[in-house]
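Have a look at the structure below before the remarks.
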Amino acid sequence: MALELQHDPFKTPREIEHPLLYWVHKNLFSSALNTALTLLSLTILYLLVTKSLIPLFSWDWTVISANLKLILTGSYPMDQLWRVWFCLWYAALFFGLTFSMNRTRPPKVMYLILISILLLALLNFSLFNKVSMLATALLLFVSFFVGTQLAQQKKTIMVAGGWILLLPLSFFIIRGVGGFLPVVKTNLWGGLLLSLLISLTSIFLSLPIGLMLALGRRSSMKVVKSICIFLIETIRGVPLITILFIGYLILPMALPQGWSPSVFIRALTGVVMFHSAYMAEALRGGLQGISRTQYEAATSLNLGPTKTMAFIILPQVLKRMIPVLVNSFTSALKDTSLISIIGMLDLIGISTSIVSNPKYLSGSAQVLFFEGALYFVLCFSISKASMVLEKKLGVTGNIKK
Amino acid sequence: MHSQSKSIPLWQDKYKRQRLSQFIFALVVIILTALIYGNIVDSLSKIGMIPSLKFLRMVSNIDIGESVIEVSNTSSNLRMIAAGFLNTISISFLAIIVSTILGLIIALCRLSSNWIINKLAVLYIEIIRNIPLLLLLLIWYRAFFLRLPGIKTGIMAGERLGPNGETLLSFSLSNRGISMAWFKPNEHFQPWLIALVLSLVVAIGVLIFLKRREKLTAKEQRTILYPTLAFLALAVISYFLLPNAALTKEIPVMGKFNISGGLHVTAEWFSLFSGLILYTSAFIAEIFRAGIQGIPKGQIEAARSLGLSHMKTIRLVIIPQAKVVVIPPLTSQFLGVAKNTSLGVAIGFPDLFAITGTIINQTGRALEMIILVMAIYLGLSLLTSLVMNIYNRRVQIKER
């Protein structure tokens with residue numbers, strides 16, 4: 001007869017009798033110091049909630065609801081808003097598919113997104129926007145469940161292709177092309193839309209440029225190497241705002257006469273230059289993580305240096321870099337806030353222009369807090385998603401320990 | 001050998017191919033640089049300008065709210081840049097010290113076994129790390145300081161009437177900033193300054209003596225505590241021994257439009273400073289936590305089984321090992337603080353970058369000013385990483 005234990009042998013009798021009390025004692029009041037710390041932090045928490053959190057509800061938040069469209073999309077024409085929604089739906093579709101890789105149940109992040117969308121839908125949007133919002137959430141979950149039914153191989157290709165197409169497609173739709181879709185000039189873009197577009201583009205463009213810089217830095221050719229080191233270290237050694245000023249003030253001068261890039265292009269150039277240098281360093285780290293045996297194996301298969309890089313090394317590096325890339329999107333999103341200093345109406349810049357309206361003069365704190373919440377939800381969920389990806393992709397095989 | 005190397009065609013000789021491609025690459029870079037420079041000179045000459053540094057000697061016409069050195073709007077542009085540079089240096093130096101201490105405290109809270117303290121630290125770190133620094137600065141400046149009442153109606157403490165009928169204050173908080181009573185050096189300051197230097201010399205002597213004894217006896221000496229104590233004791237004793245007090249207490253006086261005297265911290269300075277320390281401390285806390293958690297559990301268990309106390313385990317086992325891991329990321333955080341000071345431009349703090357922007361606006365010398373400012377920041381970065389590298393080499397665990 002097998003011996004059957006009624007209780008977990010690793011638990012003390014007190015723990016079994018009063019699990020809650022035991023937990024409270026162990027985690028909050030285990031010693032005199034701990035008790036004092038608990039009481040202190042409870043006081044701080046009490047003061048925080050009563051003195052700052054509760055008064056927030058009594059504030060006048062009409063400045064947000066009246067300017068919601070401005071905060072989210074800037075001066076983008078009202079009747080063309082469906083184009084922004086279309087891009088969001090597309091993104092939601094591939095978000096769902098990406099999450100469905102290697103799993104059958106939705107991860108917590110998806111519920112977080114769902115809840116934020118539902119909360120946002122409570123604000124006073126027009127019916128069309130509310131429906132579009134719910135459609136986004138619906139698409140996310142539908143594509144997830146469809147994704148779970150698809151074959152793994154097919155899905156991988158779809159997801160990769162979808163993400164690569166996302167940015168060009170969004171630009172095409174949001175900017176429009178003469179004759180096909182009415183053109184919406186970049187100076188009308190603003191708010192969250194502009195912040196997201198600039199940071200997404202900067203990641204997409206800084207990846208190839210950073211890759212070239214990283215390969216150049218590892219090159220055995222001295223001239224190439226020193227030029228790459230000079231570029232990377234100069235950009236990393238100065239604040240982003242100086243690089244933005246180069247794009248803003250020097251770029252129009254440096255280009256041939258008659259080319260006058262829009263402020264959007266100038267800001268984008270600065271942001272891309274900055275992120276390329278950081279991306280190069282991240283990629284260099286990734287390249288260093290590949291074991292030498294990989295190069296040796298490729299050589300013994302008679303692959304030249306170019307083919308080794310393209311077919312053996314880079315696929316491994318890029319796969320490893322996906323979580324890093326996703327994470328660097330959050331820092332890009334945060335850094336992009338600086339373009340407001342050179343006068344762009346991004347999420348931060350738009351707040352200045354809203355409160356310069358005498359009607360909303362006293363609303364600056366509300367606008368800033370709302371934008372802070374937006375930044376937090378976005379960056380937090382993206383960094384959580386990158387953690388999920390990191391766990392899923394794992395660091396498998398061939399990686400130098 | 002000779003004949004063989006000749007028979008290799010050019011495109012198959014790896015060595016020659018590399019030299020050729022390097023040459024082409026260098027050529028392309030040189031041509032591109034020349035093109036860009038030519039374009040810049042062209043567009044500058046269209047508006048009647050040639051790149052030169054003469055404008056640095058011209059009168060700046062800039063008024064700045066605060067400065068470490070004496071400046072006025074008749075000072076030269078160069079002196080203005082120096083003032084901005086010193087503002088950047090002083091605020092980043094203070095912010096680095098304070099945020100390191102704050103970061104250490106938060107890291108300890110984060111590692112605490114106390115559930116509620118732990119969760120509060122997590123909340124702090126997660127919120128701060130997911131918000132742009134610029135937003136934090138704007139919240140401090142626009143949502144806190146600019147919403148405060150003016151100096152006449154601001155928050156005050158210790159109001160009283162002075163001997164000449166003026167209003168004296170101990171503390172004041174308004175939309176202009178913070179004012180409080182402060183000790184300031186007076187005309188009898190010089191003798192005490194000499195005494196301070198002498199006490200520093202003595203303290204260094206004590207340090208050297210203790211270090212030498214540590215080497216001789218192989219026993220741990222208190223190399224931080226005793227020199228510090230020696231310095232403080234000598235400084236205090238000399239202050240009271242000197243016939244005239246070297247510092248006078250200055251009390252802020254409420255004027256018609258502003259508060260004069262005492263220590264005045266402007267709203268811009270305080271917003272930038274508190275934004276910087278809040279932001280940086282969250283990142284530094286994570287660096288410390290990673291450093292401490294990275295130590296294998298076996299090390300701590302081994303220390304315990306050797307009979308080391310809790311404090312000694314921390315001092316002799318955890319800190320020396322964590323130090324090595326922590327320093328490189330900490331260096332980049334410190335550099336980040338110096339660079340992030342440039343965000344002060346958004347709230348009107350006259351740092352190096354803000355003054356650069358103003359000079360560019362007034363003189364149109366964008367190219368020269370941007371190159372100058374980049375050179376200064378690069379120099380600063382190189383200097384910091386040099387110092388930290390030297391320190392890093394000293395604490396690195398020596399392996400044979």
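Within every chain, numbering begins at 1; the chains are lettered A, B, ... in the order of the sequence lines, protein sequences first and strands thereafter. Note that this is a predicted model, so its numbers are computed, not measured.
- Residue Leu40(A) does not touch chain B at all, counting heavy-atom pairs closer than 4.5 Å.
- Contacts between Arg129(B) and chain A at a heavy-atom distance below 4.5 Å involve the backbone alone (N, CA, C, O).
- Of the atoms belonging to Ser362(A), it is backbone heavy atoms, and not side-chain ones, that fall under 4.5 Å from chain B.
- The side-chain heavy atoms of Ile89(B) and Leu380(B), taken from C-beta on, include a pair separated by under 4.5 Å.
- When each of Val41(B), Asn130(B), Ile127(B), Ile40(B) is checked for heavy-atom pairs under 4.5 Å with chain A, Asn130(B) comes out on top.
- With a 4.5 angstrom heavy-atom cutoff, Ser340(A) touches chain B only via side-chain atoms.
- Residue contact with chain A, scored on non-hydrogen atoms closer than 4.5 Å, involves the side chain of Leu120(B) exclusively.
- One distance of note links CG of Leu251(A) with CZ of Phe245(A); it measures 14.0 Å at 0.5 Å rounding.
- Of the atoms belonging to Leu44(B), it is side-chain heavy atoms, and not backbone ones, that fall under 4.5 Å from chain A.
- For Ile348(A), the part sitting under 4.5 Å from any heavy atom of chain B is the side chain, from C-beta outward, and nothing else.
- Considering only heavy atoms from C-beta on, Phe145(B) comes within 4.5 Å of Ser271(B) through its side chain.
- When side chains are defined from C-beta on, Ile117(B) does not count as touching Thr38(A), because their heavy atoms never get closer than 4.5 Å.
- Residues Val271(A) and Leu244(A) meet the side-chain proximity criterion, which asks for heavy atoms closer than 4.5 Å.
- The contact between Ser43(B) and chain A is made by backbone and side chain atoms together, counting heavy-atom distances below 4.5 Å.
- When only modelled atom types and interatomic distance are considered, Tyr377(B) and Thr88(B) share no side-chain donor-acceptor pair under 3.5 Å.
- Only the side chain of Ile370(B) comes within contact range of chain A, with heavy atoms under 4.5 Å apart.
- Only the side chain of Ile360(B) comes within less than 4.5 Å of a heavy atom of chain A; its backbone N, CA, C and O stay farther away.
- Looking at Ile227(A), the atoms closer than 4.5 Å to chain B (heavy atoms on both sides) all sit in the side chain, from C-beta outward.
- Looking at Thr330(A), there are no atoms closer than 4.5 Å to chain B (heavy atoms on both sides), in backbone or side chain.
- For a residue to count as touching a neighbouring chain, one of its non-hydrogen atoms must lie under 4.5 Å from one of that chain's; by this rule Gln366(A) touches chain B with the side chain only.
- For Leu249(A), the part lying near chain B is the side chain, with the backbone staying farther off; criterion is any non-hydrogen pair under 4.5 Å.
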